[in-house]
Amino acid sequence: MWEEKVVIDGPYHFDLALERLAKDPLNKVDKDKRLIRVPIYKEEPEVADVHAVGTTDKPGFIIRGKSPHSKQQVMKKITSVFQWDLPLFEIHQHFTKTTLNNIFEKHFGTPIVLEFSLYPALIRPIIHQQVNMSFAISLTEQFAKTFGFEIEGVPFFPSPETVARLNVGELRNLRFSQRKAEYIINLSKMIVSGELKLSELAEKPDNEVIKELVRIRGIGPWTAQSFLLFGLGRKNLFPMADIGLQNAIKKLYLLDRKPTYEEMENYSKDWHPYLSYASFYLWRSIE
DNA sequence: AACCAGGGAAGAT
DNA sequence: ATCTTCCATGGT
C-alpha cells in the first residue's frame, strides 16, 4: 500500500469530470468523497484510488495503490488518463475568441478523461455505434461484467484473448446485433494474432492510425476518431458523423435541422488545433 | 406507434 | 468516388 500526492496547474474541475464518469456504471465513482477507483490494466491488473483534495484553481490529488513495485507505472498511467500533464488554461484561452466561448465557460476546467486501456477504447465505440446512449451503456456494462473480471469490486474489460474465444451467439444473448458481435470477435482475434498492435498505433500520426483502423471490418471513421480521442488522447479530432455533435451544433446555431458536413467543417475552422476539446465540450452542452 | 440513436457495410449510381 | 439502403435493437 502506497500513497502519493500530486499537485497540478489549474484550471482542472475534477468534480465535473466525475459527474460525467458516474454516468457509466462500470466506473466506481463516489462524488461526495470526490473519489474514483481506477482499473489499472497491466500484466497483473490492480486497482488504484484517485481522490481529489484541491479546488478547480489549485487542483491536488491523493493516489493510493497496492504494490510499491508497480507504483511508477501506475502513476504514469493515471497521469496520462486524467491528463494531468495538459494545461487546460491554454485551451480555454483559445476558445474565448470563438463561438464556443459560452459552452467552455459553463463547463470551465472539465478535463477529457481517457479510457483506462486501449482495447476498451476500441471496443466501446463499436458497441456504441448507432444505438442510443442508455442502451449502449447497458450493453457495455453487460459485456464487461459477463466476460471480464473484477478486482475489489472494480470491473475490468475482458482481455482480447477471452473475447477472441467467444462465439457470436454468446454476444447475441446480451442483445448484441449479429454484425456487432462479428466485428468485436474478429477484431479481438486480430489483436491476439498480432495482426493489429494497438500499442504501436500510439506512435503513429492521426491520419495513419485512421487509415490502418478503417481497413478493419466494423471500424469506420467515427470509431477510429473516437479511439484517437479517448484512447490515445489526441487533441484535434472532430467526428462529424457523430449524432451528438450534430445535435449540439444544431442547438448552438439554432438550426431547424441537423448541419451538413460542409457547415460543420466551416463552423469548426476556428477550433483547430483543439477540435477534440470542441467536440467534448459540445457533447457536454447537450448532456 | 413512429422515430431516432455518440455508424458501418454492402449495394447502386 | 459518392449516394442509398439495410442491419438490428431498445429508448422516448
Side-chain angles (χ1 to χ4, degrees), chain A residues 17 19-27 100 103 107 110 112-115 120-144 146 157 167-188 190 196 207 209-234 236-252 255-265 267-268 271 275-287:
Chain A
E19 193 180 297
R20 169 176 161 270
L21 291 169
K23 295 176 192 295
D24 182 348
L26 290 173
N27 289 325
L100 295 181
I103 292 176
H107 304 276
T110 313
I112 297 180
V113 176
L114 305 186
E115 289 281 351
L122 198 44
I123 294 293
R124 197 192 298 270
I126 293 176
I127 296 177
H128 277 246
Q129 285 170 13
Q130 181 58 21
V131 297
N132 65 68
M133 282 297 288
S134 56
F135 181 46
I137 289 170
S138 160
L139 278 179
T140 310
E141 182 187 12
Q142 291 311 308
F143 176 77
T146 304
F157 278 79
N167 54 55
V168 170
E170 289 175 280
L171 288 177
R172 297 230 54 180
N173 290 340
L174 298 186
R175 301 178 300 173
F176 281 66
S177 66
Q178 175 75 25
R179 282 184 181 174
K180 242 177 227 186
E182 292 169 7
Y183 295 165
I184 288 168
I185 293 170
N186 290 337
L187 168 66
S188 302
M190 290 179 68
L196 176 64
N207 54 352
V209 175
I210 291 174
K211 195 168 62 181
E212 191 166 331
L213 286 179
V214 159
R215 289 195 310 230
I216 299 170
R217 182 171 142 89
I219 299 179
W222 179 86
T223 302
Q225 289 164 342
S226 190
F227 173 79
L228 281 162
L229 204 167
F230 289 107
L232 298 182
R234 300 293 169 84
N236 204 32
L237 280 301
F238 192 58
M240 291 200 288
D242 187 280
I243 299 285
L245 278 189
Q246 293 170 13
N247 286 332
I249 285 178
K250 175 182 171 190
K251 181 182 172 190
L252 176 63
L255 308 177
D256 55 0
R257 46 163 180 77
K258 278 185 254 187
T260 63
Y261 286 150
E262 192 184 352
E263 288 168 327
M264 294 181 80
E265 183 75 44
Y267 289 134
S268 68
W271 305 339
L275 282 176
S276 298
Y277 280 83
S279 305
F280 185 77
Y281 278 69
L282 279 166
W283 281 319
R284 298 276 11 197
S285 75
I286 53 167
E287 278 172 1

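Within every chain, numbering begins at 1; the chains are lettered A, B, ... in the order of the sequence lines, protein sequences first and strands thereafter.
To the nearest angstrom, P of B/dA5 lies 15 Å from CD of A/Glu287. In this entry the distance linking CZ of A/Arg179 with C1' of C/dC6 reads 7 Å, nearest Å. In this structure, A/Phe135 places its CZ atom 9 Å from C1' of C/dA8, rounding to the nearest Å. Rounded to a whole Å, the NZ atom of A/Lys258 is 10 Å from the C1' atom of B/dC3. Taking atom CG of A/Leu187 as the reference point, atom P of B/dG8 lies 13 Å away to the nearest angstrom.
Among the protein residues, A/Thr223 comes within range of the sugar-phosphate backbone only, with heavy atoms under 4.0 Å from sugar or phosphate atoms but none that close to a base.
On the P atoms, B/dG11 is 14 Å away from C/dA8, given to the nearest whole Å.
Counting only heavy atoms from C-beta on, A/Ile243 has its side chain closest to B/dG7 among B/dG7, B/dG8, C/dG10. Of the listed nucleotides (C/dG10, B/dG8, C/dA8), B/dG8 has the atom at the smallest distance from the side chain of A/Gln129.
A distance of 8.5 Å separates CZ in A/Arg20 from CG in A/Asn27, rounded to the nearest 0.5 Å.
For residues 209-220 of chain A, proximity to DNA chain B is found at A/Ile216, A/Arg217, A/Gly218, A/Ile219, A/Gly220, defined as any non-hydrogen atom under 4.0 angstrom from a strand atom.
At the phosphate of B/dA5, OP1 or OP2 sits under 4.0 Å from a side-chain N or O atom of A/Asn247.
Mapping A/Ser134 and A/Gln130 onto DNA chain C by nearest heavy atom places A/Gln130 closer to the 5' end of the strand.
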